[in-house]
Amino acid sequence: MAQKPSIPKGTRDFSPNEMARRNYIFDTVKRVFQIYGFQQIETPAMENLSTLMGKYGEEGDKLLFKILNSGDYLSGVDSTELIQQNSQKLTTKISEKGLRYDLTVPFARYVVQYQNDLVFPFRRYQIQPVWRADRPQKGRYREFYQCDVDIIGSHSLLNEVELIQIVDQIYRNLGLRVILKMNNRKILAGIAETIGEADRIIDITVAIDKMDKIGIDKVNEELLLRGVSSEAILKLQPILNLSGDNIGKLSQIEQVIANSAIGMKGIDEMRTIFRYLASMNLESEIQLDLTLARGLNYYTGAIFEVKSKDVSIGSITGGGRYDDLTGIFGLPGVSGVGISFGADRIYDVMSQLDLFPKDTISAARVMFVNFGDKEEKYCLPILAALRREGISSEIYPDPDKMKKQMNYANRKGIKFVALAGESEIQEGMINLKNMESGEQQLLSAMDLVATLKG
RNA sequence: GUGGAUGUAGCUCAGUUGGUUAGAGCACUGGUUUGUGGUACCAGGGGUCGUGGGUUCAAGCCCCAUCUUCCACCCCA
């Protein structure tokens, strides 16, 4: 046997009924984005590496797919460099393009480039694949689709609130039960400032995360082990023990970080957001979660993450406020906030919960059986008429055995089969068979249209 | 990057302590049925058992290497 063809690790083919379901997600997301007044853009699959590098932290740089320069890509490299085998150094010489890692950074680049043409605050959405050279596993792919919405050019917290409403609306439309977790980078910075150890903030969030599992004593032990001073740990106790509703939690945090200006700003931001939300009738649970840190290092204010309540697959949506992403590209002082829906994970969750509507199939509604030349001639105008009426329809192309043709329709999930042989032609009628019930009725062309439309 | 599994027909998988010509279901082709699918029955095609070495009279099965895919950690959508 010839060697089996395959596709790269972490990538997938999408067959017709997967596409129908994926489009159901994309359509739902898109519709909500549009209702909220966002406009669509697209950017190239590849960007200059200079645009991408250094925006996603150290890890991110490693996970970038790099594209080999065209032509003789070794021409600018001398042999000593080759022998040294310093891949990092070599990379910059043989590769100047990379596949996009997310949609936010290319968007920032886009905004800077078109700053004179855009109307600010600019509301855009973007639905495109991104690539990460990650190790694939459950719910993790090397090529996956993100659906981004961002508002850039406004500091208003109303934008955060709108994004939360969008999240709520989309998951309500999809029928998914989710929990939206929120945190604020400024609060994290305030905590770090308060205990005087900015670089310990990660250890602290990890510790808070373990509270449920191992209890406060063990957490304190671990903090001490990780080098946090006992004085700082003492200060942290109210934060480790956070309880109550979001507003209550904020008050408890406030007591700890009252001396940190930036921290208090974060508290203030969150209070404002929660105040807005209180008057809105949201279905999703919103939860302040201090362990939410988000690796992307460009976030500066609120950060979001959405998880499915019923399937454990990591976050299915994430985002946050970034105050100066365009600054790196030469346009300082432009603040934005955005959020990204992971279409592929949403798909996985919905599949597992069997939440797709049953009629999300792409097959034609009706198929004409092919009995031969004469019958074909009779059917073709009727077929054309159905299509003019917007009824998706097809005719089997060969006069094969009936069994084969019926089987074809059945397997494709075509709901109706139209039969017109000698006797029907004589009467000027069509026999329409419902493939689900097996019932058959003799109809005129006009009645056929009406029946299929209904 | 670290750790653990996996690989047998197009797909999902069986295959006993190593023992002749390697199996099932689904799918495919043909037939029972020349105008009726999804439910029945019969027949057929399709595999150098991931690859390369080794042990053995004998390897799908044991050993080594390598590749692939999957799962967990890290990080993320």
Side-chain angles (χ1 to χ4, degrees), chain A residues 1-12 15 25 29 56-64 100-104 126-149 167 178 202 205-206 292-297 299 303-308 311-320 338-349 367-372 375 396 399-425 430-440 442:
Chain A
M1 179 184 43
Q3 62 172 14
K4 283 183 212 167
S6 64
I7 54 176
K9 190 194 300 209
T11 65
R12 294 145 306 148
S15 296
I25 295 174
V29 166
Y56 309 106
E58 243 177 273
E59 280 293 307
D61 283 357
K62 282 188 211 155
L63 299 180
L64 282 171
R100 76 165 96 78
Y101 179 91
D102 72 355
L103 300 178
T104 308
Q126 185 171 355
I127 299 175
Q128 288 189 275
V130 303
W131 294 268
R132 294 181 190 178
D134 227 349
R135 257 241 172 78
Q137 51 182 281
K138 191 177 183 178
R140 169 169 306 184
Y141 308 101
R142 292 184 133 180
E143 177 185 59
F144 59 97
Y145 276 71
Q146 291 194 324
C147 314
D148 272 39
V149 252
V167 167
V178 298
I202 292 174
T205 55
V206 169
L292 218 195
R294 305 233 104 228
L296 297 179
N297 53 13
Y299 291 124
I303 45 190
F304 313 101
E305 183 165 295
V306 178
K307 288 191 163 186
S308 161
V311 176
S312 132
I313 196 173
S315 60
I316 52 179
T317 292
I339 196 160
S340 176
F341 292 79
D344 306 82
R345 285 188 178 174
I346 294 172
Y347 180 96
D348 290 345
V349 171
M367 183 200 84
F368 284 79
V369 168
N370 192 324
F371 287 111
E375 293 85 349
Y396 195 88
D400 283 345
K401 286 191 175 152
M402 195 94 163
K403 177 171 176 156
K404 196 171 175 187
Q405 300 193 39
M406 294 300 281
N407 201 247
Y408 169 88
N410 185 52
R411 295 214 21 203
K412 274 187 87 173
I414 294 173
K415 197 174 172 186
F416 293 99
V417 166
L419 301 126
E422 215 172 321
S423 57
E424 286 89 350
I425 293 176
I430 302 280
N431 232 328
L432 186 68
K433 173 162 181 155
N434 182 322
M435 292 295 278
E436 279 160 23
S437 64
E439 282 167 18
Q440 234 166 275
L442 202 59

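All values derive from a computational prediction rather than experimental measurement. First the proteins, then the strands, lettered A, B, ... as listed; each starts at 1.
For B/U36, its base sits under 3.5 Å from the side chain of A/Q440 at one donor and acceptor pair at least. The base of B/U69 is not paired with the side chain of A/R135 by any donor and acceptor separated by under 3.5 Å.
Contacts of A/E436 with the nucleic acid, taken as non-hydrogen atoms under 4.0 Å apart, include base atoms. Nucleic acid contact for A/Y145: none, since no nucleic acid atom lies under 4.0 Å from a heavy atom of the residue. Counting non-hydrogen atoms under 4.0 angstrom, A/K403 reaches a base of the nucleic acid. Counting any heavy atom pair closer than 4.0 Å across all strands shown, A/R411 reaches sugar-phosphate atoms only and no base atom. Contact annotation for A/G60: no contact, since no heavy-atom pair falls under 4.0 Å across all strands.
Rounded to whole Å, the P atom of B/C71 lies 27 Å from the corresponding atom of B/A27. To the nearest whole angstrom, the two C1' atoms, one in B/U16 and one in B/C61, are 10 Å apart. The C1' atoms of B/A14 and B/G60 are separated by 12 Å, rounded to the nearest whole Å.
Pair check for B/U6 finds none; no Watson-Crick or G-U wobble contact set falls under 3.5 Å. Under the Watson-Crick or G-U wobble criterion, with both distances below 3.5 Å, B/U66 is paired with B/G50.
If you measure from atom NZ of A/K62 to atom P of B/C74, you get 15 Å, rounded to the nearest angstrom. Rounded to an integer number of Å, the gap from A/D134 CG to B/C75 P is 12 Å.
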Taking only nitrogen or oxygen atoms into account, show me every contact under 3.5 Å that the protein makes with nucleotides 65-67 of chain B, one pair per line with its distance.
none

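A donor atom on one side chain and an acceptor atom on the other are not found under 3.5 Å apart for A/Y408 and A/K404.
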